[in-house]
Amino acid sequence: MSNDAAAQHTEEAQAGSGSMLSSLVSFFVPTAHAEEPKKVGNDEEETEDEEKEEEESPAEEEEEEEEEPEDIAPAIRQECEETQCVEPAKHFKHCSDKVEGGKGWEGEDCVEELFHLMHCVDACAAPRLFRKLA
């Protein structure tokens, strides 16, 4: 332990018995801060810096507002579910209705049916999506 750290620890310990525990903990466990504390003083310089940042931000916002292309994946997945994956979708719907209606056994879920449906939809949609991306 360095002399400076020991001196600081001793001073904190002498401040009071209630803070002794907190100082002991803070000595061994570092404290992380999400943001740097704001500086006190030179308020004029800070306001000038903030004004400059505000002037620059509209140009940056225009660059960020570029329109992104529409995601075609949900439409292709829905089409696959309605055409090629009708049986797994039917089983999943039946299981969901049964469980939600309280007719299933205790603790029953439809995870297996969901996995079968998702596997079918993924196998159908993946080649179509990759063709569109290429």
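Only this structure's heavy atoms are used, side chains among them; waters, hydrogens and symmetry mates stay out.
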Would you be so kind as to tabulate the donor-acceptor pairs closer than 3.5 Å made by side chains of residues 127-134, with sequence neighbours excluded?
unit_1: Arg128; atom_1: NH1; unit_2: Glu79; atom_2: OE2; d: 3.2

List the atom pairs, with distances to 0.1 Å, where a side-chain N or O of residues 115-126 and a protein N or O form a donor-acceptor pair under 3.5 Å, not counting sequence neighbours.
unit_1: Asp122; atom_1: OD1; unit_2: Arg77; atom_2: NH1; d: 2.6
unit_1: Asp122; atom_1: OD1; unit_2: Arg77; atom_2: NH2; d: 3.2

In a table with atom names and distances, give each donor-acceptor pair under 3.5 Å that connects a side chain of residues 87-94 to protein atoms at least two apart or in another chain.
unit_1: Lys93; atom_1: NZ; unit_2: Asp97; atom_2: OD1; d: 3.4
unit_1: Lys93; atom_1: NZ; unit_2: Asp97; atom_2: OD2; d: 3.4

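To the nearest 0.5 Å, the span separating SG on Cys95 from CG on Leu114 amounts to 9.5 Å.
In this structure, Glu112 places its CD atom where only 12 or fewer heavy-atom neighbours from other residues, nucleotides or ligands lie under 6.0 Å away.
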